[in-house]
Amino acid sequence: MNEVEKLIPHRPPFLFVDEIVSHEGEVLVAKRTWRADEDFYKGHYPNAPITPGVLLCESVFQTGALLMAKLMAGGAGGQGGVPLLTKVSDVRFRLPVYPGDTVTIEVKRKETMGDFHFMSGTMKNGDKRVMNVDFSVAWKKPDGQVTT
């Protein structure tokens, strides 16, 4: 189990962060390589694969969950809950991401109000910005959470 899997409950095939690059205070940087053999490329789009924007967003949200886990010192296992996305706003897609691309994701916590943590995320492919999004998360134990 790598550091990412120790901190958040996401697992393949729905884990879209490969590694943590750095963490300083309210900022976490991660990387993800979009592999050509991932199933969603078969349908999005055949013969011209492009990474779905919703999965790019999810990659940023998972990076936000990693930041929260680091800040909460213990992650999913230590807190008995999961990071729940509570708000998404101001999503801007600038460039497509293709199979084989490695992106860098940076998430910053801007503010905390009660249980809600407001963040901004940016994704880059090299030095070119792919997308940015503002969002918020709360760490909660959902009703009906199944333990294995």
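All values derive from a computational prediction rather than experimental measurement. Each residue takes its place number in the sequence, starting with 1. Worth knowing before you read on, the calculation uses all heavy atoms, side chains too, and leaves out hydrogens, waters and symmetry mates.
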remark   = Applied to residues 109-132, the ring-ring contact (aromatic ring centres under 6.0 Å, His included) test, sequence neighbours excluded, yields none

message = If the condition is side chain to side chain donor-acceptor pair (under 3.5 Å), which residues does S136 pass it with, not counting sequence neighbours?
response = T86

message = Run the side-chain contact (heavy atoms from CB on, under 4.5 Å) test against P12 and tell me which residues pass, sequence neighbours left out.
response = E5, L15

N/O donor to acceptor pairs below 3.5 angstrom from side-chain atoms of residues 56-67, sequence neighbours left out:
| residue | atom | partner | partner atom | Å |
| --- | --- | --- | --- | --- |
| E58 | OE2 | Q62 | NE2 | 2.9 |
| S59 | OG | F16 | O | 2.8 |
| Q62 | OE1 | F16 | N | 2.7 |
| Q62 | NE2 | F14 | O | 3.1 |
| T63 | OG1 | S59 | O | 2.9 |

key: Closest non-hydrogen atom pair between P83 and P9, with its separation   = CD-CD, 3.9 Å

ask   = Between E3 and K70, is the closest basic N to carboxylate O distance under 4.0 Å?
value = yes

request  = Might you point out which heavy atoms bring P49 and Y41 nearest each other, and give the distance in Å?
outcome  = CB-CD2, 3.7 Å

message = To check you understand the geometry: which heavy-atom pair defines the closest contact between I50 and P96, and what is its length?
response = CD1-CB, 3.3 Å

key: Spacing of S120 atom OG and N132 atom CG [to the nearest 0.5 Å]   = 8.5 Å

inquiry  = Can you list everything that forms a side chain to side chain donor-acceptor pair (under 3.5 Å) with E106? Sequence neighbours excluded, please.
reply    = none

ask   = Is any side-chain N of the basic residue among D37 and K42 closer than 4.0 Å to the acidic one's carboxylate O?
value = no

request  = Check side-chain contact (heavy atoms from CB on, under 4.5 Å) between N125 and all other residues, then give those that pass, not counting sequence neighbours.
outcome  = D101, V103, V130

task = Without swapping roles, check the side chain of T104 against the backbone of K31 for a donor-acceptor pair under 3.5 Å.
result = no

ask   = For P52, which residues count as a side-chain contact (heavy atoms from CB on, under 4.5 Å) partner, sequence neighbours excluded?
value = F40, H44, V54, L55

ask   = What's the shortest heavy-atom distance between A30 and V17, and which atoms?
value = CB-CG1, 3.6 Å

key: With sequence neighbours excluded, residues passing side chain to side chain donor-acceptor pair (under 3.5 Å) with E19   = none

message = Per the salt bridge (Lys or Arg N to Asp or Glu O under 4.0 Å) rule, what does the pair list look like for residues 125-135, sequence neighbours excluded?
response = K110-D134

query = Say you draw a straight line from CD1 of I20 to CG of L7; how long is it, rounded to the nearest 0.5 Å?
reply = 5.0 Å

request  = Would you please name every residue forming a side chain to side chain donor-acceptor pair (under 3.5 Å) with E26, sequence neighbours left out?
outcome  = R109

inquiry  = As an exercise, state the distance from CZ of R92 to CG of D90, rounded to the nearest 0.5 Å.
reply    = 4.5 Å

query = In Å, rounded to the nearest 0.5 Å, how long is the span from CG of D18 to CZ of R32?
reply = 5.0 Å

ask   = Minimum heavy-atom separation for V91 to V88, with atom names?
value = CG2-CG1, 3.6 Å

Cluster link V29 to V97, ILVMFWY, side chain under 4.5 Å = no

message = Tell me every residue that passes ring-ring contact (aromatic ring centres under 6.0 Å, His included) with Y45, counting only those two or more places apart in sequence or in another chain.
response = none

ask   = Taking the hydrophobic residues Ile, Leu, Val, Met, Phe, Trp and Tyr, and joining any pair whose side-chain heavy atoms are under 4.5 Å apart, which ones share a cluster with L95?
value = none

